[in-house]
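In this chain, residues are counted from 1 in sequence order.
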Amino acid sequence: PSRCSRNGDSSGVLHSDRLWVFSPMEKISWTQLDWVDSKTPASPLFQDVYFSRSGVLEEYRHVFWEGNQLLERWASGRGNRLGELGFGTGLGFLFTWNEWLKTRPLGATLHYLSFEKHPLSPENLTRVHALFPELRSFSRALLEQYPPAMEGIHRLRLDSVTLTLVFGDALEWASKI
């Protein structure tokens, strides 16, 4: 059963206390996930691994966090809106959310926008996230609100973070945000 209910107006928005889904919505299929070994998820569609198991969180820190000077931006009150193409396993989001809570200015909120044309199922995300026990509580909270397999704009409120997760082609959906 759906976790959402129609909000009573003609906006086409479905909502609950935690999840908003903007129509039009079409059912989509979850993307398959293969495992190269028990610790390396791979995409059969793209014939590539999602990440190298050795140092993936350190890579996020170096490339995304430090490369974009997020700590400095957040301290100055700038940079609390982030976007990415390819939510993938969600690890980049979970890492960012974890770091945000450690370093954010008092009362600040983070807006995180991510597009994913080929989303993974909650079951596959659970298996991937289990490889990173340090992100367990963040994974659990994300998966409690993870949207159904429906194309469209899904907005999740997670502590001081708003995740706008778009299931569909970024070129088609970017103008609708």
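Residues meeting the side-chain contact (heavy atoms from CB on, under 4.5 Å) test with Ser43, sequence neighbours left out: Leu45, Phe46, Tyr50. For Thr89, the side-chain hydrogen bond (donor to acceptor under 3.5 Å, both in side chains) criterion is met by no residue, not counting sequence neighbours. Here Arg127 pairs with nothing under the salt bridge (Lys or Arg N to Asp or Glu O under 4.0 Å) rule; sequence neighbours left out. Scanning for salt bridge (Lys or Arg N to Asp or Glu O under 4.0 Å) contacts around Asp34 gives an empty result, with sequence neighbours left out. Remark: Val36 engages Thr40, Ala42, Val49 in a side-chain contact (heavy atoms from CB on, under 4.5 Å) (not counting sequence neighbours). Looking at residues two or more places apart in sequence or on another chain, you find a side-chain contact (heavy atoms from CB on, under 4.5 Å) between Ala108 and Trp100, Pro105. Taking the side-chain hydrogen bond (donor to acceptor under 3.5 Å, both in side chains) definition, one finds that Thr31 meets it with nothing, sequence neighbours left out. Residues passing the side-chain hydrogen bond (donor to acceptor under 3.5 Å, both in side chains) test with Ser76, sequence neighbours excluded: Arg78. With sequence neighbours left out, Trp97 forms a ring pair (Phe, Tyr, Trp, His ring centres under 6.0 Å) with Phe93, Phe138. Residues satisfying the side-chain contact (heavy atoms from CB on, under 4.5 Å) criterion with Glu59, sequence neighbours excluded, are Val63.
Between Leu156 and Thr164, the closest side-chain pair of non-hydrogen atoms is not below 4.5 Å. Two residues are said to be in side-chain contact when any heavy atoms from C-beta on lie closer than 4.5 Å; Leu163 and Leu113 fail this criterion.
Contacts classified as salt bridge (charged side-chain N to carboxylate O under 4.0 Å, His left out) and involving residues 103-123 (residues at least two apart or in different chains) are given here: Lys117-Asp169. Screening residues 80-99 for salt bridge (charged side-chain N to carboxylate O under 4.0 Å, His left out) gives Arg61-Glu99, Glu99-Lys102 as the qualifying pairs, with residues at least two apart or on separate chains.
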For the pair Phe115 and Trp173, evaluate side chain to side chain contact (heavy atoms under 4.5 Å, CB included) and give the outcome as yes or no after the intermediate values. CA-CA 9 Å; Phe115 293 88; Trp173 283 95; 4.1 Å; yes

Checking Leu101 against Ser160 for the side chain to side chain contact (heavy atoms under 4.5 Å, CB included) test, could you report, in this order, the C-alpha distance in whole Å, the side-chain angles of both residues, the deciding distance, and whether it holds? CA-CA 8 Å; Leu101 290 182; Ser160 62; 3.6 Å; yes

Begin from the C-alpha positions of Thr162 and Thr109 and carry the test side chain to side chain contact (heavy atoms under 4.5 Å, CB included) through to its verdict. CA-CA 8 Å; Thr162 298; Thr109 59; over 6 Å; no

List the steps, then state whether side chain to side chain contact (heavy atoms under 4.5 Å, CB included) holds for Leu82 with Asn68. CA-CA 10 Å; Leu82 302 175; Asn68 289 295; over 6 Å; no

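A donor-acceptor pair under 3.5 Å is absent between the side-chain atoms of Asp159 and the main chain of Val161, judged by distance alone. A donor-acceptor pair under 3.5 Å links the side-chain atoms of Gln145 to the main chain of Arg157, judged by distance alone. Here the side chain of Asn124 pairs no donor or acceptor atom with the backbone of Leu120 at under 3.5 angstrom.
For the atom pair Phe132 CZ and Leu91 CG, the distance stands at 5.0 Å (nearest 0.5 Å). In this structure, the separation between OG on Ser139 and CG on Leu142 is 6.5 Å, given to the nearest 0.5 Å. Taking CG from Leu165 and CZ from Arg155, the interatomic distance works out to 11.0 Å, rounded to the nearest 0.5 Å.
Here the two rings, on Phe95 and Phe51, have centers that are 6.0 Å apart or farther.
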